Amino acid sequence: MEKSKQSSKAIAYLRTSSAANVGADKDSDKRQRAAIEAYAKREKWEVVAEFYDADVSGADPIETRPGFSALLDRIEGNGVRTVLVEDASRFARQLIVQEAGIIALIERGVRVLTASGDDLTASEDPFKVAMRQIAGVFAQLEKARLVGKLKAARDRKRATGKKVEGRKSYAEIDVRDHAGQMIALATKMRRRTPKGGRRSLRAISAELAKAGFVSQSGKPFAATAVGRMLGEINPPQAAPSQMPKHHRGGQRTSVAGLLIPRERKNSPWD
C-alpha cells in the first residue's frame, strides 16, 4: 500500500549506553544514523526529526530517558506515527524494558521499525511477537557475555599487579573536575523547603546546566544521572522493580506483568 504524505514521515531514535561512546571522535551515533538514513532512503521514509539519548543505559526505564520523553512529546504533538531505530538493542537491551516501551508506543498507535525492516510493534502475528522477544533475550545475553568477558580481562590484568580503572562515579568525576561543587549544589537544591516541597530531578538538572555542570556530551544531565549523583537511584544494571518507590510510582502493571509508563502528577521526574 502506498504511504500517505503524513504516514511517509518518521522520527529517528538513537541511544548510546556509555559516555565513552559519546563525542565527535566516536562512531556509535554515526553508525546508527547511517543505518537509519540508508533504510529511510530505501523505503522512502522522510526523517523529520531525530532524538538521541547519549550516555543512557539500555536497562533504564524509557520514561526516565530525556530523549525518548521528548520523542513521545513530538509524536503526540504532530501526528508522526513511525519511529526508526538501528535495531532492537538501541531501543532497549533488557527484555522487560523493551516490551514496556513497545507497548507504550502501541497504545499511542506508533510503529517502531528497525534499519533491517523489522516491525518491533507488530502484534497481530504471534510468531513476530515471539521472535521480537527472542531477539531481545539474545541482545541481553550478548550484553551479559560481553560484560563477563571484559571483567575477566580486567581480573587477569589486576592479577599481574597492574592498576585497572573502571568507570568513574559521578562523585569521583565531580571531585576531579569541579572540586565537589556539582554534587554539593545538587544536594542543596534537592533539600525540602519549609513548606515540604523540593525540586524535581529534571529541575535540578536544568539548574546544574545553568551553573555550567553538564554531561560529557555537553547536554544537561538526564534525571536518572542526577538521581545517581544524589544516591537516590540504583546503578544502571538494576531492574525496574528494584528502583525506589518514587521511581515506580508513575507506572502501572499490564496483564502481562510489564511496567508501562503513564501520566503522573507531582512526580520527582517532572
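Since the model is a prediction, treat every value here as computed from it, not as a measurement. Atoms considered below: every heavy atom in the structure, side chains included; atoms not considered: hydrogens, waters and symmetry mates.
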Run the ring-ring contact (aromatic ring centres under 6.0 Å, His included) test against Phe213 and tell me which residues pass, sequence neighbours left out.
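In terms of ring-ring contact (aromatic ring centres under 6.0 Å, His included), with neighbours along the sequence ignored, Phe213 is linked to His178.
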
Under the ring-ring contact (aromatic ring centres under 6.0 Å, His included) rule, collect the residues that match up with Tyr13, sequence neighbours excluded.
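ring-ring contact (aromatic ring centres under 6.0 Å, His included) list for Tyr13, sorted by chain: Phe68.
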
Do you know the tightest heavy-atom contact between [X] and [Y]?
X: Arg108; Y: Arg81; value: O-NE, 3.3 Å
X: Thr121; Y: Val110; value: CG2-O, 3.5 Å
X: Glu86; Y: Ala35; value: CG-CB, 4.1 Å
X: Thr114; Y: Ala88; value: CG2-N, 4.1 Å
X: Ser205; Y: Val226; value: CB-CG2, 3.9 Å

With [X], which residues qualify under side-chain contact (heavy atoms from CB on, under 4.5 Å), at least two apart?
X: Arg156; value: Ala152, Ala153
X: Asp177; value: Ile173
X: Ala186; value: Ile204, Leu208, Leu230

Just wondering, do [Y] and [X] contact through their side chains at under 4.5 Å, heavy atoms?
X: Leu120; Y: Leu105; result: no
X: Glu37; Y: Val47; result: no
X: Met229; Y: Asp174; result: no
X: Arg15; Y: Val85; result: no

Do Asp60 and Asp53 pass the side-chain contact (heavy atoms from CB on, under 4.5 Å) test, and can you show the C-alpha distance, the side-chain angles, and the key distance before you say yes or no?
CA-CA 11 Å; Asp60 284 354; Asp53 274 320; over 6 Å; no

If you link ILVMFWY side chains whenever their heavy atoms are less than 4.5 Å apart, which other residues fall into the same cluster as Leu150? By chain and number, please.
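The other cluster members (ILVMFWY side chains, heavy atoms under 4.5 Å, direct or chained) are Leu146.
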
